[in-house]
Amino acid sequence: MSADASNAAAVYVAVLRDLVNSFELDIAFLRHNDFENRTTVLIAEWPPRSNVADPDPLHTVPFDGADPIFAAAESLDSILTVRVDGGVADYRARVESASGFVPQSLIAVPLIANTITVGVLGFGKLAGRDWSEDEFNALRAIAALTTQVHTRVAAEDRFRYSATHDEQTGLLNRRALLDYLRVRLVDHTSGPVAILFLDLGRLEAMNDFLGHLAGDEYIAAAARVLTRDVGSTTLIARLGGDEFVLVLHGPSNAHHAHLTARTALDSIALLDAPGLDRSRRATVGISIAHPGRVSADDALQRADQAALMAKVNGDNDVVQFTDSVQRQSVLRSDIEVHLRTAIGNDSLVLYFQPEIDLITKRITAVEALVRWQHPHRGLLPPAAFIPVAEATNLASELGSWVLERSLRTLGEWATSLPGLDISMRVNVSPSQLVGAGFVDEVETMLRRHSIEGSSLWLEITEVAVVRDIDYTRRTLAGLRRLGVRIAIDDFGTGFSSLSHLKALPVDALKIDRAFVTDLGSAGGGDLAIVDSVIGLAASFGLDVIAEGVETLDVANTLIDRGCTRAQGYLMSRPVSAVDTLALLRVGTIEI
């Protein structure tokens with residue numbers, strides 16, 4: 001038999017036909033066992049039945065609850081001969097309902113591969129029939145050959161499946177997705193094709209503090225809920241890592257695409273994922289592709305660009321591809337490429353903003369703020385490139401550069417100004433905080449530049465605090481052992497709770513500039529929030545620092561409320577290391 005996956009079905013039928021004729025039988029059939037669903041499945045039969053019912057009672061028969069004859073097919077290991085009489089009523093009823101007659105003599109020959117029963121060859125005759133040992137041997141040989149074909153076809157099916165499916169989730173892979181899109185995008189009658197590029201995000205952080213096994217389980221769970229909730233209306237593929245693509249069936253428009261995107265995001269948000277903020281689980285980029293106007297690769301790339309823009313925007317989790325998105329994507333790619341180089345060749349720049357005691361006017365600390373002299377776009381503020389760093393997994397690398405350069409600069413100042421008594425404040429990204437070995441990295445940098453731990457304040461956001469409270473507690477405890485102090489930055493804008501302040505080794509709260517800049521000038525809301533933060537800090541024995549102080553009235557209001565440490569344009573804008581050193585030589589700033 002020259003049989004493979006392409007012609008196995010025809011070969012099976014031809015063999016059954018020849019066996020019926022050679023052995024003067026009335027019927028012959030081949031059934032395979034479906035191990036996953038525990039069923040026996042009809043693969044081929046001769047002669048073919050006419051007027052087959054839908055569903056066919058003989059096509060798929062579950063082993064659970066099956067009559068003894070069908071049940072035997074699950075683990076049959078030797079030839080079974082049966083006289084079909086009144087003792088197998090269930091079998092008779094099933095076969096008669098499907099074919100109109102029941103053979104009185106039945107023989108089943110197992111197909112055995114590596115001691116596993118993979119199916120049976122069955123033969124029947126309306127009247128009784130006796131079988132010789134030579135005939136049994138012939139049937140065993142035919143069953144062995146049929147098993148070889150089954151094994152060969154199964155291997156080809158597995159190879160074909162692995163070539164087009166993601167091993168971890170069972171979803172289609174990039175190759176199969178692009179093949180599907182190419183077919184859709186050459187059919188001018190199919191209408192617009194909506195492509196959704198879904199990026200789970202935060203997977204690296206999960207891998208860091210929960211392990212890769214947890215990350216893999218999260219990906220698999222995401223695949224399951226997407227299949228469950230949008231699989232009936234979309235083709236779903238996984239491109240690898242944390243990237244999924246959904247293609248809506250049939251003609252689609254932006255409205256349909258956005259509804260599907262929202263359903264997908266809502267499903268992902270409900271997954272149990274310790275340490276991940278439910279509101280920032282995933283982002284979706286949408287591309288509406290018109291057949292004949294765009295290639296499959298370009299259509300997918302556009303959806304990817306839109307997803308990246310959604311990730312960079314931070315507060316916008318669904319973005320549709322437009323000309324504007326394309327321009328932003330070009331800018332983002334330019335920034336990403338040059339930012340990686342800038343970090344690597346130490347060409348970023350630090351500016352420093354002083355913090356003063358509003359009563360004594362003494363400089364108590366400086367906050368390190370990174371700037372970038374872009375080779376083509378001039379001096380860029382943090383808002384222009386830090387979101388890109390966070391979206392492209394450069395945040396930890398960038399944060400390490402800032403911390404290293406900040407401590408080096410503090411050491412240089414201390415050499416120029418013996419007895420210098422200020423603190424260096426450095427912002428820490430969530431990815432740094434949950435990264436493996438962060439405490440060791442800080443300790444190494446402190447030693448390298450001969451800086452006491454008490455001279456370093458690390459500022460973390462509330463989002464970083466609540467992402468994984470237990471891991472954060474351990475990390476902050478390790479930093480505390482080094483003498484490093486911790487401030488919660490932008491306090492009041494995130495997910496604060498008294499339990500977090502009680503549980504974590506925190507030393508200070510920084511009141512966000514949103515509540516300070518117009519303090520007291522627009523109703524009592526800001527003042528009430530500032531009073532609450534100051535009171536909360538006092539209750540927990542924490543320092544409190546106000547950001548964004550730009551007027552003398554605001555400074556006096558803060559002093560009246562009991563907040564005497566502040567930074568803002570009223571005292572000084574962020575300035576270079578050289579200019580900061582000049583300020584430190586004076587030691588105070590008059591306002």
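Residue indices begin at 1 and follow the sequence shown.
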Can you tell me how far [atom2] of [Y] sits from [atom1] of [X], rounded to the nearest 0.5 angstrom?
X	Y	atom1	atom2	answer
Glu459	Ile488	CD	CD1	11.0 Å
Asn427	Leu458	CG	CG	9.0 Å
Leu239	Asp304	CG	CG	8.0 Å
Ile43	Phe29	CD1	CZ	12.5 Å

For a quick test of reading the model, state the closest non-hydrogen atom pair linking [X] to [Y] and the distance between them.
X	Y	answer
Ala254	Gln320	CB-OE1, 3.3 Å
Ala296	Leu181	CB-CB, 3.6 Å
Ile268	Ala282	CG2-CB, 4.3 Å
Phe35	Thr117	CZ-O, 3.4 Å
Pro291	Arg184	CG-O, 3.8 Å
Ala143	Pro110	CB-O, 3.8 Å

Q) Can you check whether Ala10's main-chain N or O pairs, donor with acceptor, with Asn7's side chain at less than 3.5 Å? A) no
Q. Is there a donor-acceptor pair closer than 3.5 Å between any side-chain N or O of Asp229 and the backbone N or O of Ala264?
A. no
Q) Do Ser99 and Arg49 have a side chain donor and acceptor closer than 3.5 Å? A) no
More than 12 non-hydrogen atoms from neighbouring residues, nucleotides or ligands closer than 6.0 Å to [atom1] on [X], yes or no?
X	atom1	value
Asn114	CG	no
Arg377	CZ	yes
Asn37	CG	yes

**Q.** Ionic contact status for Arg262 with Asp317, cut-off 4.0 Å
**A.** yes
Q: Kindly assign one of parallel, tilted or perpendicular to the pair Phe385 and Trp372, based on the angle between their ring planes and the thresholds 30° and 60°.
A: perpendicular
Q. Considering the options Asp298, Asp297, Asp187, which one meets the salt bridge (Lys or Arg N to Asp or Glu O under 4.0 Å) requirement together with Arg182?
A. Asp297
Q. Is there side-chain contact between Val294 and Arg302, with heavy atoms separated by less than 4.5 Å?
A. yes
